Amino acid sequence: MSWGYKPNNGPQKWVENFPIADGVRQSPIDIVPGQASYDAGLKPLDLKYDPSTCLDILNNGHSVQVTFADDTDSSRLTDGPISGLYRLKQFHFHWGASDDKGSEHTVAGTKYPAELHLVHWNTKYASFSEAASKPDGLAVVGVFLKIGGENPNLQKLLDAFDTIKSKGKQTSFANFDPSTLLPGCLDYWTYDGSLTTPPLYESVTWIVCKEPITASSGQMAKFRTLLFSADGAAPDCMKTARVKNEDELLSKWCSSSS
Ligand SMILES: Cc1cc(C)[n+](CCc2c[nH]cn2)c(C)c1
Ligand SMILES: [Zn+2]
């Protein structure tokens, strides 16, 4: 049984195969703005993306992911809290079964309907896979999605979903500029954390934008047409929202058994 988001293979169970789940810098976290300290040494983010590095869009069974050519420095992140240059490898999303939840990080307990992750790797290492397990290996820019007006840039992605509905499907996806998914203001919170899915490596400098971007409720519904399951298997609607603690689980149990 591989990891997933159900009671029998979800976040509460990952520690059985990935003991780092009980590690010292595990993500996601609840970001409490009032408790965040201001660091005058931090620089503004410098993100430069080249749409010609965009390769394809994939349903990997856990999320929808857009992958980039990372053999040159043309799509990269510098400055912000990091030193050196990190290349964009992929971006993907996390979302929930309804508009009231879905983000991985929360802000003073507030859940957003979805969260975009732009995954970059440190070019001091030879490749993404080598960097992925190093303490300074990855820098992930997180952007919250909130319900609002239709997002025309997001729509370009959603229009490709019908061809990658089930697990393992991928299709070419060219000339997409990820900077069109960034908020106007790039103020951010930052902390040292981890991948939020197995293998849960403690290798991520998290950079979470304070300003969300918008998606309409209909656009969020489109994410939920994606399937965890492969072609031919019983359709299993993809929702990657986490039930992060026992009492949430308990409340789910109580409500379903009342
Ligand atoms: C080697 C590796 C494996 C995985 C599932 N991921 C994605 C994990 C993830 C998704 N969102 C936050 N972390 C990364 C970035 C690297
Ligand atoms: Zn992610």
Side-chain angles (χ1 to χ4, degrees), residues 1-32 58-68 70 77 80-82 86-97 101-107 109 111-112 114-122 124-144 167-168 188-209 226 228 236 238-249 252:
M1 158 75 68
S2 74
W3 66 270
Y5 290 91
K6 301 207 171 342
N8 64 343
N9 68 355
Q12 312 301 324
K13 295 282 174 89
W14 291 347
V15 66
E16 292 167 9
N17 293 317
F18 305 93
I20 192 86
D22 284 345
V24 293
R25 55 178 274 194
Q26 285 293 300
S27 298
I29 63 169
D30 180 40
I31 296 165
V32 185
L58 157 75
N59 173 336
N60 61 20
H62 306 299
S63 180
V64 56
Q65 176 176 306
V66 177
T67 307
F68 288 77
D70 60 352
L77 162 66
I82 57 158
Y86 287 56
R87 287 182 188 169
L88 177 67
K89 176 70 185 168
Q90 52 106 327
F91 71 77
H92 62 270
F93 296 82
H94 302 263
W95 63 92
K101 63 186 176 224
S103 64
E104 301 249 274
H105 292 92
T106 50
V107 180
K111 295 176 184 167
Y112 285 88
E115 185 173 336
L116 160 64
H117 287 161
L118 296 136
V119 181
H120 310 77
W121 57 275
N122 192 334
K124 78 189 257 193
Y125 301 108
S127 68
F128 168 79
S129 45
E130 187 189 320
S133 58
K134 304 294 188 297
D136 60 349
L138 302 179
V140 182
V141 174
V143 181
F144 294 116
K167 176 180 178 180
Y188 61 90
W189 296 289
T190 184
Y191 75 98
D192 290 339
S194 73
L195 306 185
T196 63
T197 70
L200 300 171
Y201 293 145
E202 297 189 332
S203 60
V204 180
T205 301
W206 277 100
I207 300 166
V208 181
C209 293
L226 292 171
F228 278 135
D236 180 10
M238 186 183 277
K239 47 192 188 292
T240 64
R242 319 162 63 99
V243 179
K244 262 196 279 190
N245 49 48
E246 299 300 328
D247 42 321
E248 275 188 299
L249 272 176
K252 268 168 85 78

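Keep in mind that what you see is a predicted model, and the values were worked out from it rather than measured.
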Colleague: Return yes if some donor-acceptor pair links the side-chain N/O of Asp70 with the main-chain N/O of Leu88 below 3.5 Å, else return no.
Modeller: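 Checked: no pair found.
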Colleague: Which residue is it: Thr196, Ile29, Val208? I am looking for the one with a side-chain contact (heavy atoms from CB on, under 4.5 Å) to Glu104.
Modeller: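 So, applying the side-chain contact (heavy atoms from CB on, under 4.5 Å) to Glu104 and each of Thr196, Ile29, Val208, only Thr196 qualifies.
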Colleague: If every non-hydrogen atom of Asn8 is compared with every non-hydrogen atom of Lys13, which pair is closest and at what distance?
Modeller: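 Where Asn8 meets Lys13 most closely, the heavy atoms are O-CG, 3.8 Å.
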Colleague: Just by distance, do the side chain of Ser103 and the backbone of Lys111 share a donor-acceptor pair under 3.5 Å?
Modeller: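 The answer is no, because no donor-acceptor pair under 3.5 Å joins these two groups.
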Colleague: Identify the two heavy atoms, one from Leu138 and one from Tyr86, that lie closest to each other, and give their separation to 0.1 Å.
Modeller: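 The answer is C-CE2, 3.6 Å.
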Colleague: Would you check if the side chain of Asp30 reaches a backbone N or O of Gly109 as a donor-acceptor pair within less than 3.5 Å?
Modeller: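 Side chain of Asp30 to backbone of Gly109, a donor-acceptor pair under 3.5 Å: yes, one is there.
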Colleague: Do Asp192 and Thr205 have side chains that get closer than 4.5 Å, going by heavy atoms?
Modeller: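 In contact.
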Colleague: How long is the gap from OG on Ser27 to OH on Tyr201, to the nearest 0.5 Å?
Modeller: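 Here the rounded value is 15.5 Å.
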Colleague: Find out whether His117 and Val143 are in side-chain contact, i.e. whether some heavy atom of one side chain is under 4.5 Å from a heavy atom of the other.
Modeller: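 His117 vs Val143: side chains apart.
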Colleague: Keeping the roles fixed (side chain from His92, backbone from Gln90), state whether a donor-acceptor pair exists under 3.5 Å.
Modeller: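 It does not hold such a pair.
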Colleague: For Tyr5 versus Lys239, what's the shortest heavy-atom pair and its separation?
Modeller: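 Reported closest heavy-atom pair: CB-O, 4.0 Å.
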Colleague: Can you find a heavy atom in the side chain of Leu118 that is under 4.5 Å from one in the side chain of Ile207?
Modeller: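 A side-chain contact under 4.5 Å is absent here.
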Colleague: Could you walk me through whether Asp236 and Lys6 satisfy the salt bridge (Lys or Arg N to Asp or Glu O under 4.0 Å) test, starting with their C-alpha distance in whole Å, then the side-chain angles of each, then the deciding distance to 0.1 Å, before giving a yes or no?
Modeller: CA-CA 11 Å; Asp236 180 10; Lys6 301 207 171 342; 3.3 Å; yes
Colleague: I want to check something: taking the side chain as every heavy atom from C-beta on, are Trp189 and Val107 in contact at a cut-off of under 4.5 Å?
Modeller: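 The answer is yes, as the side chains (C-beta and beyond) meet within the 4.5 Å cut-off.
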Colleague: Indicate yes or no for a side-chain donor-acceptor contact from Trp206 to the backbone of Ser194 under 3.5 Å, with no hydrogens or angles considered.
Modeller: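 Judged by distance alone, yes, a pair lies under 3.5 Å.
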Colleague: Answer yes or no: is there a side-chain heavy-atom contact under 4.5 Å between Lys134 and Asn122?
Modeller: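 SC-SC contact between Lys134 and Asn122 ruled out.
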Colleague: Given 3.5 Å as the limit, does a donor-acceptor pair link the side chain of Arg87 with the main chain of Phe68, or not?
Modeller: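 Pair absent, no side-chain N/O of Arg87 close to backbone of Phe68.
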Colleague: Between Glu115 (side chain) and Trp95 (backbone), is there a donor-acceptor pair under 3.5 Å?
Modeller: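 Looks like no, no N/O pair under 3.5 Å.
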Colleague: Measure the shortest side-chain to side-chain distance between Trp3 and Glu16 over non-hydrogen atoms and say whether it is less than 4.5 angstrom.
Modeller: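 Counting from C-beta outward, Trp3 and Glu16 never come under 4.5 Å.
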Colleague: Side chains of Val140 and Val204: closer than 4.5 Å at any heavy-atom pair?
Modeller: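 SC-SC contact between Val140 and Val204 confirmed.
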Colleague: Quick one: closest heavy-atom pair of Pro11 and Gly4, and the distance?
Modeller: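 Here Pro11 and Gly4 meet closest at CD-O, 4.1 Å.
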Colleague: I need the minimum non-hydrogen distance between Trp121 and Ala131, along with the two atoms involved.
Modeller: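 Smallest heavy-atom distance, with atoms named: CB-CB, 3.9 Å.
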Colleague: Do His105 and Tyr191 have ring centroids that are under 6.0 Å from one another?
Modeller: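 Distance test on ring centres: under 6.0 Å, yes.
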Colleague: Measuring from Leu195:CG to Gln26:CD, what's the distance to the nearest 0.5 Å?
Modeller: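 Reported to 0.5 Å precision, the distance equals 8.5 Å.
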